[in-house]
Enquirer: 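Below are the structure tokens for one structure; questions will follow.
All of these numbers come straight from a predicted model, not from anything done at the bench.
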Amino acid sequence: MSRTFYIKNTQAPEEMSPQQLLNLQREGFTQYNIDEDDEHYDQVMHSPISEWGCILMGQEGLSGRGFEVSYDPETQDYGVRVFTPSTENDWLGAIAFIGRVATALSTNVVDEEGETYEPNNINYNYRGDIEFGVRAYKNSGEGAYIFSVYRPIYLSPAM
């Protein structure tokens, strides 16, 4: 489960790299796919994001699950997918991230249901999404592993 937001690339066919997307953000945003010590780090960070499928991003020290950022060359949209459930910090970080990218591209944001938001007024009911996700795990009667930015997390109905 997740919620995806789309940002039209008004600079197409030019496409941003993960580093360019992070440069638009306030300090503390990072990507979680590749270590800075990896020999391919610079290649990944400075190539168009579509070459890597999606990149897990978030805020250092705040993100629980992070959010995925991708680019679709066919629709020329950046996609930001926030997982259900995510933490409130994940949601606030994703909304800030989306807003800054949309502002840089001078465009609005559209979610998967077709709802349109101005970059500085993304008022999606993320608390309802968190509640829905937690309730789904609670009512399942079984536990499940979900991924986070560093390691899997086991959610049980009791949690």
Side-chain angles (χ1 to χ4, degrees), residues 1-7 15-75 77-102 109-115 117 122-159:
M1 298 182 287
S2 62
R3 173 64 67 167
T4 304
F5 297 84
Y6 300 97
I7 307 154
E15 177 187 336
M16 285 189 261
S17 68
Q19 188 62 60
Q20 288 171 307
L21 289 164
L22 288 172
N23 288 345
L24 296 174
Q25 308 307 316
R26 67 181 188 270
E27 192 173 323
F29 277 83
T30 190
Q31 59 78 33
Y32 293 98
N33 284 66
I34 189 166
D35 290 329
E36 289 182 16
D37 297 337
D38 190 288
E39 65 181 288
H40 301 292
Y41 178 80
D42 285 333
Q43 179 185 1
V44 170
M45 294 305 292
H46 294 95
S47 297
I49 196 166
S50 64
E51 290 185 16
W52 311 108
C54 63
I55 302 286
L56 184 64
M57 296 189 176
Q59 298 176 90
E60 189 69 42
L62 295 175
S63 290
R65 299 190 73 192
F67 49 89
E68 286 182 345
V69 181
S70 62
Y71 184 76
D72 185 338
E74 287 185 29
T75 62
D77 288 327
Y78 292 95
V80 178
R81 183 168 80 122
V82 186
F83 309 106
T84 303
S86 282
T87 68
E88 184 169 35
N89 282 333
D90 286 319
W91 271 105
L92 295 174
I95 289 169
F97 183 95
I98 294 164
R100 287 184 182 243
V101 173
V109 177
V110 179
D111 71 16
E112 62 191 48
E113 300 293 326
E115 184 77 27
Y117 306 92
I122 302 170
N123 57 1
Y124 176 73
N125 178 17
Y126 67 85
R127 286 189 175 109
D129 187 86
I130 294 169
E131 181 181 334
F132 172 81
V134 170
R135 190 173 45 244
Y137 284 101
K138 181 179 179 184
N139 294 338
S140 73
E142 296 180 17
Y145 284 96
I146 61 173
F147 67 90
S148 71
V149 294
Y150 292 115
R151 62 191 143 282
I153 299 170
Y154 183 76
L155 289 182
S156 68
M159 288 176 66

Enquirer: Quick check for you: to the nearest 0.5 Å, what is the distance between L22 atom CG and R100 atom CZ?
Expert: 12.0 Å
Enquirer: Give, for atom OG1 of T84 and atom CZ of R135, the distance between the pair rounded to the nearest 0.5 Å.
Expert: 12.0 Å
Enquirer: Would you mind telling me which of F97, W91, Y78 makes a ring-ring contact (aromatic ring centres under 6.0 Å, His included) with F67?
Expert: F97
Enquirer: If you define the side chain from C-beta out and look only at heavy atoms, does anything of I95 sit under 4.5 Å from Y126?
Expert: yes
Enquirer: Under 3.5 Å, side chain of D111 to main-chain N/O of E113, donor-acceptor pair present?
Expert: yes
Enquirer: Less than 4.5 Å apart, side chain to side chain, heavy atoms only: is that true for I122 and I98?
Expert: yes
Enquirer: Using atom types as modelled and distance alone, determine if a side-chain donor or acceptor of E112 lies under 3.5 Å from a backbone N or O of T4.
Expert: yes
Enquirer: Which one of H46, M57, E51 satisfies the side chain to side chain contact (heavy atoms under 4.5 Å, CB included) criterion with P18?
Expert: M57
Enquirer: Can you tell if the side chain of Q31 reaches within under 4.5 Å of the side chain of Q19, non-hydrogen atoms only?
Expert: no
Enquirer: What is the distance from atom OG of S70 to atom CG of L56, rounded to the nearest 0.5 Å?
Expert: 12.0 Å
Enquirer: Nearest 0.5 angstrom please: H40 NE2 to N33 CG, how far?
Expert: 14.0 Å
Enquirer: Working note: M16 + I49, criterion side-chain contact (heavy atoms from CB on, under 4.5 Å); need CA distance, chi angles, decisive distance, verdict.
Expert: CA-CA 6 Å; M16 285 189 261; I49 196 166; over 6 Å; no
Enquirer: Can you see which heavy atom on E15 is nearest to which on S50, and at what distance?
Expert: OE2-N, 2.6 Å
Enquirer: For residues E115 and V109, determine if any side-chain heavy atom of one lies less than 4.5 Å from a side-chain heavy atom of the other.
Expert: no
Enquirer: Using atom types as modelled and distance alone, determine if a side-chain donor or acceptor of D90 lies under 3.5 Å from a backbone N or O of G66.
Expert: yes
Enquirer: Answer whether the closest heavy-atom distance between the side chains of D129 and Y124 falls below 4.5 Å.
Expert: yes
Enquirer: Parallel, tilted or perpendicular for Y150 and Y32, by the 30°/60° rule?
Expert: perpendicular
Enquirer: Report the relative orientation of the aromatic rings in F147 and F83; use parallel for angles under 30°, tilted for 30 to 60°, perpendicular for over 60°.
Expert: perpendicular
Enquirer: Are Q59 and R26 packed together at the side-chain level, in the sense that at least one heavy-atom pair is separated by less than 4.5 angstrom?
Expert: yes
Enquirer: Can you tell me how far the CG atom of D42 sits from the OG atom of S17, to the nearest 0.5 Å?
Expert: 11.0 Å
Enquirer: Nearest 0.5 Å, what's the CD1-OG1 distance between I130 and T87?
Expert: 7.0 Å
